[in-house]
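See below for the structure under consideration.
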Amino acid sequence: MPTSPVHESARQVLILGGTTEARQLAAALVAEEGVRVMTSLAGRVAAPRLPAGEVRIGGFGGPEGLARWLREHAVDALIDATHPFAGTISFHAAQAAATAHVPLLALRRPGWGAQPGDVWHPVPSLTEAAAVLPALGGRVFLTTGRMGLAHFAHLTDLWFLVRSVDAPEPPHPPRMTTVLDRGPFTLDGERELLRHHRIDVLVTKDSGAAATAPKLAAAREAGVPVVVVQRPPVPEGVPVAAEPGAAVDWVRALLG
């Protein structure tokens, strides 16, 4: 894949990626003179969208492995641009960056905010989301991804419409229909899903981003309650950029 010319004195930036913002950031940094960009993907999606620059796929072996990788590859800057709910890697990144003395920035898109007409039920975890569901509805549109379906597997009286990029594996709810799809989604499409499947409650993570926000508007219009799983905090002391342009500015200031 195309990359910008680099030389031996190029500064090394490692992006922990997997999000739209990570791909946008990689494309912007590849265009920067004297910067070499590597994006690391976890490998949980079968056919990920690859960013510009160099790419590695797979884990590091915990914070110790990541710290070792940062030192061995002489990384000058680390950017955690993973999904807002990829909490484990974010804390591993903070530990590794501190150990290897590498500056760390978290790139986090802003979360969603409730609007007039929304009926939101904020919860701190998928476990809590499953606990409140039986009192809210019987036909659930579950948009939290395939990795957390085990939290809902015991809800045998509810019917689930599950949307994910790849096919889910057990354990999962016994009464379930799967839609394999990847955003961005349209408001008309989300309206039709709610109508066709007679959805009476939506479950989502507060992942932010416009690509998946239409489901919230469709639920608002239909008066469907929404269980919103709140995102974990960014590790204490890690600076945060809300969009890729701010992350590019951080890299320029750091490496310039």
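When reading the values below, keep in mind they use all heavy atoms of this one structure, side chains included, and skip hydrogens, waters and symmetry mates. Keep in mind the model is a prediction, meaning the values are calculated, not measured.
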Between [atom1] on residue [X] and [atom2] on residue [Y], distance to nearest 0.5 Å:
X: Arg146; Y: Leu180; atom1: CZ; atom2: CG; value: 10.0 Å
X: Phe160; Y: His197; atom1: CZ; atom2: NE2; value: 14.5 Å
X: Phe60; Y: Ile89; atom1: CZ; atom2: CD1; value: 6.5 Å
X: Leu107; Y: Thr19; atom1: CG; atom2: OG1; value: 6.5 Å
X: Arg139; Y: Leu161; atom1: CZ; atom2: CG; value: 8.5 Å
X: Leu149; Y: Thr144; atom1: CG; atom2: OG1; value: 6.0 Å

Quick one: are [X] and [Y] in side-chain contact, heavy atoms under 4.5 Å?
X: Val140; Y: Phe152; value: no
X: Leu105; Y: Pro239; value: yes
X: Leu14; Y: Leu66; value: yes
X: Leu133; Y: Leu155; value: yes
X: Arg49; Y: Arg23; value: yes
X: His92; Y: Thr88; value: yes
X: Val201; Y: Phe141; value: no
X: Met38; Y: Val55; value: no

Side chains of Arg163 and Thr143: is there a donor and an acceptor less than 3.5 Å apart?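 Checked: Arg163/Thr143 side chains show no N/O donor-acceptor pair below 3.5 Å.
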
Side chains of His151 and Thr127: any donor to acceptor distance under 3.5 Å? yes

Residue of the set Val13, Thr39, Val37 for which side-chain contact (heavy atoms from CB on, under 4.5 Å) holds with Val30: Val37

Which atom of [X] lies closest to which atom of [Y], heavy atoms considered:
X: Ile15; Y: Ala81; answer: CG2-CB, 4.0 Å
X: Pro63; Y: Ala96; answer: O-CB, 3.4 Å
X: Ala52; Y: Ala27; answer: CB-CA, 4.0 Å
X: Pro235; Y: Ala94; answer: CB-CB, 3.8 Å
X: Pro174; Y: Ala153; answer: CD-O, 3.6 Å
X: Arg231; Y: Gly111; answer: NH2-CA, 3.4 Å

Measure from the side-chain N and O atoms of [X] to the backbone N and O of [Y], and report whether any donor-acceptor pair falls under 3.5 Å.
X: Asp206; Y: Trp112; value: yes
X: His83; Y: Phe85; value: yes
X: Arg56; Y: Gly59; value: yes
X: Asp188; Y: Glu190; value: no
X: Ser164; Y: Ala167; value: no

Between [X] and [Y], is there shared hydrophobic-cluster membership here, with clusters defined by ILVMFWY side-chain heavy atoms closer than 4.5 Å?
X: Leu216; Y: Val203; value: no
X: Ile79; Y: Val238; value: no
X: Leu25; Y: Leu16; value: no
X: Met147; Y: Val162; value: no
X: Val179; Y: Trp159; value: yes

Please list every donor-acceptor pair under 3.5 Å in which a side-chain atom of residues 217-228 meets a protein atom from a residue at least two apart or in another chain.
{"residue": "Arg220", "atom": "NE", "partner": "Asp118", "partner atom": "OD1", "Å": "2.9"}
{"residue": "Glu221", "atom": "OE1", "partner": "Arg191", "partner atom": "NE", "Å": "2.7"}
{"residue": "Glu221", "atom": "OE1", "partner": "Arg191", "partner atom": "NH2", "Å": "3.3"}
{"residue": "Glu221", "atom": "OE2", "partner": "Arg191", "partner atom": "NH2", "Å": "2.8"}

May I have the step-by-step check of salt bridge (charged side-chain N to carboxylate O under 4.0 Å, His left out) for Arg109 and Glu243, ending in yes or no? CA-CA 6 Å; Arg109 68 181 77 127; Glu243 48 86 24; over 6 Å; no

Please list, one pair per line, the donor and acceptor atoms closer than 3.5 Å that link side chains of residues 246-256 to other protein atoms, with sequence neighbours excluded.
{"residue": "Arg252", "atom": "NE", "partner": "Glu32", "partner atom": "OE1", "Å": "3.2"}
{"residue": "Arg252", "atom": "NE", "partner": "Glu32", "partner atom": "OE2", "Å": "3.3"}
{"residue": "Arg252", "atom": "NH2", "partner": "Glu32", "partner atom": "OE2", "Å": "2.7"}

Test side chain to side chain contact (heavy atoms under 4.5 Å, CB included) on Lys215 and Leu193 and set out the steps. CA-CA 9 Å; Lys215 62 188 173 187; Leu193 274 180; over 6 Å; no

Charged N to carboxylate O under 4.0 angstrom, Asp80 versus Arg108?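 Result for this pair is yes, salt bridge flagged.
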
Side chain to side chain contact (heavy atoms under 4.5 Å, CB included) between Thr82 and Ser90: does it pass, once the steps are laid out? CA-CA 8 Å; Thr82 56; Ser90 295; 3.7 Å; yes

